[in-house]
Amino acid sequence: MTSPDALVRTVTAGGVTTLTLDSPHNRNALSTPLMTQLLDGLATAVADDTVRAVVLDHSGPVFCSGADLKETAAAYASGTVPAGMLGDVLAAVWECPKPVVARVAGPARAGGLGLIAAADLAVCAQEATFAFTEVRIGVIPAVISATVLPRLRPRAAAELYLTGDTFDGQRAADVGLVTAAVPLAELDAAVARYCDSLVRGAPGALAGAKQLLRRPTVDDLRGELASLAALSTDYFLSVEGREGVTAFREKRPASWVPGE
């Protein structure tokens, strides 16, 4: 059970774990305690066989304001800053074997954008705002570039990184930062539709599909095709593959679909 003073709240239902950033007093800033709890929540969701997808949500009007600058300033004397832990969080989201969906109802800045980009799918309210504000406080968006730059169009990345200007949800969708932007009133329904689709996928196949999406571009096309053909054969011959094909032929839900 989530403790009353938790900074990340966890609810699991219908095969989906929702991890809610719940630190509205500092706009869900990425403090060390919040990031620690988020890592714990992700690890628990990964270990739970009943969980098929993860939603990253937030309480309060702001999705995430980025690094906790108050904590960062206090840490200067030690020569370390808590932002260093952000890499572990982004890696955990990016490498999560279960699909991760970001639900963004309000503003996101700096490290919060890295979190959104690390998710497999991201749905935002058209009214939400975004900005890479790092250059305006004398730093650069270094760590988050590992997840952000694969999403953004290069010209858009240059503009947004260098200017620090604010942009809205529709622009975020246009440049690839999010999957879709919808009116705020339709946000929950849009996230639910994605989750309903995701839980119908076989757990092993979802993890394998995520690995495909992370494969680097290759120079040896024929070699890559041979490797992928072997991989495809392995999945068709797997327990999940056999069940999925049989279920399709018998016009019934596969055994892994929650509630079926």
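Please read these numbers as outputs of a predicted model, since none were measured by experiment.
Side-chain atoms of D68 do not come within 3.5 Å of backbone N or O of T32 as any donor-acceptor pair. Under a 3.5 Å cut-off, the side chain of R242 and the backbone N or O of L237 do form a donor-acceptor pair. A donor-acceptor contact shorter than 3.5 Å is absent between the side chain of T129 and the backbone of A108. In this structure, R136 contributes its side chain and T163 its backbone to a donor-acceptor pair below 3.5 Å. Listed for the S23 side chain is no donor-acceptor partner under 3.5 Å among the backbone atoms of N26. In this structure, the side chain of S232 does not engage the main chain of A229 through any donor-acceptor pair within 3.5 Å. The closest donor-acceptor contact from the side chain of D168 to the backbone of Q126 lies at 3.5 Å or more, if one exists at all.
Note that the SG atom of C64 and the CG atom of L34 stand 7.5 Å from one another [nearest 0.5 Å]. The CG atom of L38 sits 10.5 Å away from the OG1 atom of T20 when rounded to the nearest 0.5 Å. The CG atom of L21 sits 8.0 Å away from the CG atom of D57 when rounded to the nearest 0.5 Å. Within the model, atoms SG of C195 and CZ of R103 stand 11.0 Å from one another, a figure rounded to the nearest 0.5 Å. Here CD of Q37 is found 11.5 Å from OG1 of T44. Values are rounded to the nearest 0.5 Å. In this structure, CG in L19 is found 10.5 Å from CG in D40, a value given to the nearest 0.5 Å.
Contact detail for T246 and R252: the closest heavy-atom pair is CG2-NH2, 3.8 Å. Of all the heavy atoms in S145 and P150, the pair that sits closest is O-CD, 3.7 Å. Heavy-atom minimum distance, L231 versus R215: CD2-NH1, 4.4 Å. Here the closest non-hydrogen pair linking T133 and G164 is CG2-O, 4.4 Å. Shown here for S255 and E243, the closest heavy-atom pair between the two residues is N-OE2, 2.9 Å. The two residues V199 and G15 have their closest heavy-atom pair at CG1-O, 4.1 Å.
A search for salt bridge (Lys or Arg N to Asp or Glu O under 4.0 Å) contacts involving R52 returns nothing, not counting sequence neighbours. Every residue two or more places apart in sequence or in another chain was checked for a ring pair (Phe, Tyr, Trp, His ring centres under 6.0 Å) with Y194, and none qualifies. R249 meets the salt bridge (Lys or Arg N to Asp or Glu O under 4.0 Å) test with no other residue; sequence neighbours excluded.
Residues V191 and L177 fall into different hydrophobic clusters, defined by Ile, Leu, Val, Met, Phe, Trp and Tyr side chains chained together at heavy-atom separations under 4.5 Å. Residues V93 and V16 do not share a hydrophobic cluster, defined by chaining ILVMFWY side chains whose heavy atoms lie under 4.5 Å apart. Using a 4.5 Å cut-off between side-chain heavy atoms of Ile, Leu, Val, Met, Phe, Trp and Tyr, with links allowed through other members, L149 and V135 fall into different hydrophobic clusters. When the side chains of ILVMFWY residues are joined at heavy-atom separations under 4.5 Å, either directly or via intervening members, L90 and V104 end up in a single hydrophobic cluster. Under the 4.5 Å side-chain heavy-atom criterion for ILVMFWY residues, no single connected hydrophobic cluster contains both L206 and V46.
Taking the six-membered ring where the residue is Trp, F63 and H58 present perpendicular rings, their angle passing 60° and hence far from 30°.
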- Could you walk me through whether T17 and K98 pass side chain to side chain contact (heavy atoms under 4.5 Å, CB included), step by step? CA-CA 10 Å; T17 286; K98 302 177 181 186; over 6 Å; no

- Query: Under the side chain to side chain contact (heavy atoms under 4.5 Å, CB included) criterion, do T36 and M85 qualify, and how do the steps go?
  - Reply: CA-CA 9 Å; T36 299; M85 188 180 184; 3.2 Å; yes

Using distance only, find each side-chain donor-acceptor pair of residues 152-160 under 3.5 Å and give its atom names and separation, not counting sequence neighbours.
| from | atom 1 | to | atom 2 | distance (Å) |
| --- | --- | --- | --- | --- |
| E159 | OE1 | R171 | NH2 | 2.9 |
| E159 | OE2 | R171 | NH1 | 3.4 |

For residues 111-125, dump all side-chain donor-acceptor pairs below 3.5 Å to protein atoms at least two apart in sequence or in another chain.
| from | atom 1 | to | atom 2 | distance (Å) |
| --- | --- | --- | --- | --- |
| D120 | OD1 | K210 | NZ | 3.3 |
| D120 | OD1 | R214 | NH2 | 3.0 |
| D120 | OD2 | V100 | N | 2.8 |
| D120 | OD2 | K210 | NZ | 2.7 |

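The environment of CG in L184 is crowded: more than 12 heavy-atom neighbours from other residues, nucleotides or ligands sit within 6.0 Å. Shown here is D49, whose CG atom has no more than 12 heavy atoms of other residues, nucleotides or ligands within 6.0 Å.
At a cut-off of 3.5 Å, with distance as the only test, no side-chain donor of T18 or R9 sits close to an acceptor on the other residue.
R151 is not listed as a side-chain neighbour of T179, based on a closest heavy-atom distance of 4.5 Å or more. Counting heavy atoms from C-beta outward, S31 and K70 have side chains that stay 4.5 Å or more apart.
Sorted pairs that involve residues 26-39 and meet salt bridge (Lys or Arg N to Asp or Glu O under 4.0 Å), not counting sequence neighbours, are lacking altogether.
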